[in-house]
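All values reported here derive from a predicted model rather than from experimental measurement. When a ligand or atom number is given, it counts from 1 through the structure's own listing order.
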Amino acid sequence: MSWAAHDLEPYLIRIKVGAAISLPFCLIGSYSPDILTKWAVYGLDFSGDAKLTDDPVQLHRGWPGLGFTHSLAFGVVVGLLILLLTRNRMWSLSFVVGNWAHVLSDTLDSVGVMPLFPISTWHLHFDVWQYVGQVGRRGDAIAYYTSLGGVWDLLWASWLLWHWRTLTTAHFDREIAPKDPFWPWLHRRAGAAATLTVYRASAFFGLASIIGWLVWSLLVNDVQAALDWSLGGPQWAPRVGPP
Ligand SMILES: [Zn+2]
């Protein structure tokens, strides 16, 4: 899985695709596969170590399990529901794009996703880094941020920082708010400051997560703190493939 890249990808998609994309719905799409699954992989007691399931890989990415959340069809089905409920094509399309970005990103680990579900339960996985979700949040973070996964997150963070102007108030007022009815709607209810905060929240959360987890993984944790940027790393982590 990738960690904070999912928080940042929608901003870059919005920058590259422009007004065809609603950032909030793209973000909801990007969050959706893991919101529906990761709580059970890591557990709900916030210690990060409680397991709610015996087979996290099967539950997170498999079938039977919740792996259908990481398929192209899932994004389309929910996107159509959004279209039915809101009659807004941009919102619907943005959800699909955000969801697909997540699904494609998750092909980079050793478990991968079922892109063609329900036609096939075949897993697409490129093995760039190990899937380590089954060992709990802390071990997963250490493995991810010391491997090429950390590089993946850093690439997205650097790319967004390169485009830091998109996060300014002036850019929001000129380019974002007038082109998506979500923002005027929120502004009427919550005011200007809250609306801007919502706009920047995921970028701030993603960047802070990447910096925090990287520093913690490399400098604080005493389990395994060496960088391993080999393909399929880190090599010390248990090997896990598709369920
Ligand atoms: Zn995922």
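Looking at Ser202, its side chain does come within 3.5 Å of a backbone N or O of Asp7 through a donor-acceptor pair. Side-chain atoms of His6 never come within 3.5 Å of backbone atoms of Asp34 as a donor-acceptor pair (strictly under, hydrogens ignored).
Nearest to the Zn ion (ligand 1), among the N, O or S atoms that Asp106 has, is OD2. The N, O or S atom of His102 with the smallest distance to the Zn ion (ligand 1) is NE2. The Zn ion (ligand 1) lies closest to atom OD1 when only the N/O/S atoms of Asp34 are considered.
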Practice item. Take Arg61 and Asp109 through the test salt bridge (charged side-chain N to carboxylate O under 4.0 Å, His left out) and record every step on the way to the result. Key: CA-CA 11 Å; Arg61 300 282 181 79; Asp109 66 34; 3.0 Å; yes
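Among the backbone and side-chain atoms of His60, no N/O/S atom is found under 2.8 Å from the Zn ion (ligand 1). Counting backbone and side-chain atoms alike, His6 contributes no N/O/S atom closer than 2.8 Å to the Zn ion (ligand 1).
The two residues Trp229 and Val151 make their nearest non-hydrogen contact at CE2-CG2, 3.3 Å. What you find for Met114 and Trp63 is that their closest heavy atoms are CE-CB, 3.7 Å.
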